[in-house]
Amino acid sequence: MSELSIFVEKSGEWGKYYLITLVLHVQSDSVAEHIDKYERHLADSGLPDIPFHVSDFQ
């Protein structure tokens, strides 16, 4: 049986703007390739590698 993980990230200020990001993935499937692409895109764009904060709700 596969285990589904859900990561939730929120940012913003109520009343002005708010962003909620959901990442769902099967726990047995690695997300390393996707993180590498994200970090490579930041570097190629000359952007800093800003920490990506997530919370694991189980």
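Remark: Asp36 engages Glu39, Arg40 in a side chain to side chain contact (heavy atoms under 4.5 Å, CB included) (not counting sequence neighbours). Ser30 is linked by a side chain to side chain contact (heavy atoms under 4.5 Å, CB included) to Ala32, counting only residues two or more places apart in sequence or in another chain. The ring-ring contact (aromatic ring centres under 6.0 Å, His included) check on His34 picks up nothing, with sequence neighbours excluded.
Applying the under-4.5 Å side-chain rule to Ile, Leu, Val, Met, Phe, Trp and Tyr, the cluster around Leu19 consists of that residue alone. Grouped by direct or indirect side-chain proximity (heavy atoms under 4.5 Å, Ile/Leu/Val/Met/Phe/Trp/Tyr only), Val31 sits with Ile35.
Taken to the nearest 0.5 Å, the CZ atom of Phe7 stands 9.5 Å off from the CG atom of Leu24. In this structure, Leu42 CG and Leu47 CG are separated by 5.5 Å, a value rounded to the nearest 0.5 Å.
Put simply, the side chain of Ile20 reaches to within 4.5 Å of the side chain of Val8, judged on heavy atoms.
Residue pairs meeting the salt bridge (Lys or Arg N to Asp or Glu O under 4.0 Å) criterion with at least one member in residues 22-34, sequence neighbours excluded, are Glu33-Lys37.
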